[in-house]
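Remember, it's a predicted structure, so these values are computed and weren't measured experimentally. Reminder, nothing fancy here: chain letters follow the sequence lines and each chain counts from 1.
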Amino acid sequence: MPILELKHVSRHFGGLLALEDVNMIVEVGKVVGLIGPNGAGKTTMINNISGLDHPTNGEILFQGQAIHKQTPHKITQIGITRTYQNIRLFGDMTAHDNLLIGQHARGRATLLESLFFLPRYLEEERTLRQRATELLAQFGLEHVTNTLAGTLSYGDQRRLEMARALAANPKLILLDEPTAGMNPTETHELGEQILRLRAMGITILVIEHDMSLIHQVCDEVYVLNFGCMIAQGTPTEIRANPLVIEAYLGVDEDSRSPRLHT
Amino acid sequence: MGFLIDGFNQLQTWLLILLSPLNITEPVLQFMLVSAILGLSIYLTLYTGMFSLANGGFMAIGAYVSVLLTQQAGWSLSLSILTGMIVAGIIAVPIGLPVLRLRDIYLAIATIGFGEVVRIMALNFDDLVESFIKWMVQKEILFDSLISRAETSDMLDITIRDNGNVRVNFELLGGARGIKGIPVMAETWMLVLFLIIVIYFIIRLHRSRLGRAMAAIRQDEQAASNMGIDVVYVKNVVFVLSAMIAAAAGGLSGHLTRIIDPSNYGFDLVVDILAYAVLGGTQTWAGPVIGAMVLRALPETLRGFSELRGLINGLILLGAIVYLPSGLVDIKGFRGLVAYFRNNRTQRKEMVKDNANT
């Protein structure tokens, strides 16, 4: 059963075709990779799914429901969260408070209830704080609970952003280059974290350049080049696909055949 | 309640005796408290990352509405101030919805524009009504009821000359002269009470979902919306709250001064309010409160310097901005400053020592 479906999605910026007739199906409970050279349109696609940007043409369906005209906060409320390529934590807040904000969509208490310490506010605040503490533990961030997010180490910031995306109890998480700037050990640990999320029943769409991570976690991979979807398959299939190799490495001028095969 | 007010008045007498070396008299203290409330009204919007300068306009709305209600309709002070707040809050909604899409300096300019519209409306309201009634009389719309109204009311005066010329005289807001003879109903303890209520409200706000959403929007609007925060909604709620606090400050100050006129609520006021927040700092609510009080007390305290007063006042403000760029209420900044001077001193001592050795 597909959880996310892109049907003929195009996004044009003036004359620039960032996405051109992209079709994609993400099945429930799978980890799907999205790869492609720089400028291929990967982040544009994530922005369109998460509602920060809207497609020029085509439809995006989440659990059969059209979401391509929705605002970002509505999309979060129905179960899609994301991380960013260049980390966008709330730097002036502690790690713990970042996770409280991440749970915003789950809260119900009104301002009036918090003004007068009414039971629903107190109850809700307790559960939100408890969940934030659990998430910190789950991502190995207990030692930075009260540290300002902006002063955390790079790896901790990446992990905190993932924890924050998980905080809203999403059904689908979009990860935009989660391992950028990480060393191989950290990358492998992050891969295991992704697999743990999948075990929890969460579907994941991950943009990644690191092929070892793709092999470690992905069930299926889509390849984007110049805004067009050029290939789709298992990680092993993709690695052998001549079109993909051409997109990444270019072609031999003489033979028009991929260099790697010679 | 009665003995509490007595107690407060005792406290206030002692406080004023303590403050008398600083030249702070009761009217100055009242002015400081009103400014502190205004400082909190701009703090809310700045804390949410909105550079809105509409506070002057909303203060005017609150002042005019509540003064008319006490003076003309004989309402009680608390009820008329509350009504002024509600009217300002309602007006804030249609203003906020389009204007809060703007950002930074563009938002500032649009909101200054709103303040000017309010001021000019207050200035010309009577003339507008006059010409409207004149037109109605000439067209004989509701003629009889207008004439009978003019006979009973001292606000409206209609004279029809033999040659058919109509003269209408309407006076409610008083144009540039403003409203005079307002009963002095507000007292210092009311200002203190309201300030405490607003501070309590803001402290609780910071610990609520809405308060956290406000901080998130200030830091990264897009990321906040991806957290499930309805950015447009939160911004408008904060704008309305800020308008209501400014309106209350207007209502309270209107009942302290006996007279209000449109020039009280112009661009100068907005610049002052912004200065409270900048001088005090916007990291906590205490910043604008302290900033407002210092900025209002300083000219009085420096009275002893007579003609040098303005100069010294300016130099103190300049020094505060240069050495405490994130405001007077900035613990980190103070520590940094202390460390800076201590380092300088030890360095100087070492230099002296070195010189002595050589």
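- For B:His206 and B:Tyr47, the gap between ring centers is short of 6.0 Å.
- Both the backbone and the side chain of A:Arg88 come within contact range of chain B, judged by heavy atoms closer than 4.5 Å.
- Along residues 48-61 of chain A, the residues that come nearer than 4.5 angstrom to chain B, judged on non-hydrogen atoms, are A:Ser50, A:Leu52 in order of number.
- With chain A as the partner, the residue from B:Ile229, B:Asn226, B:Val237 showing the most heavy-atom pairs under 4.5 Å is B:Asn226.
- A distance below 6.0 Å separates the ring centres of B:Phe58 and B:Phe114.
- Under a cutoff of 6.0 Å and an axis angle of 45°, A:Arg11 and A:Phe13 form a cation-pi pair.
- Taking the ring axis of A:Phe90 as reference, the NZ or CZ atom of A:Arg164 stays within 45° of it and closer than 6.0 Å to the ring centre.
- At a 4.5 Å heavy-atom cutoff, the contact between A:Glu125 and chain B is made by side-chain atoms alone.
- Below 30°, between 30° and 60°, or above 60°: for A:Phe117 and A:Tyr121 the angle between ring planes is above 60°, a perpendicular geometry.
- Contact annotation for A:Leu128: only side-chain heavy atoms (C-beta onward) come within less than 4.5 Å of a heavy atom of chain B.
- Put simply, the residue from A:Asp176, A:Val9, A:Leu19 that forms a side-chain contact (heavy atoms from CB on, under 4.5 Å) with A:Met45 is A:Leu19.
- Neither the backbone nor the side chain of A:Glu113 comes within contact range of chain B; no heavy atoms are under 4.5 Å apart.
- Salt-bridge check for A:Arg158 with A:Glu186: failed, with every basic side-chain N at 4.0 Å or more from each acidic carboxylate O.
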Assess the residue pair B:Val231 and A:Thr71 against the criterion (side-chain contact (heavy atoms from CB on, under 4.5 Å)); give the C-alpha distance rounded to whole Å, side-chain angles, the decisive distance to 0.1 Å, and a yes or no. CA-CA 10 Å; B:Val231 174; A:Thr71 50; over 6 Å; no

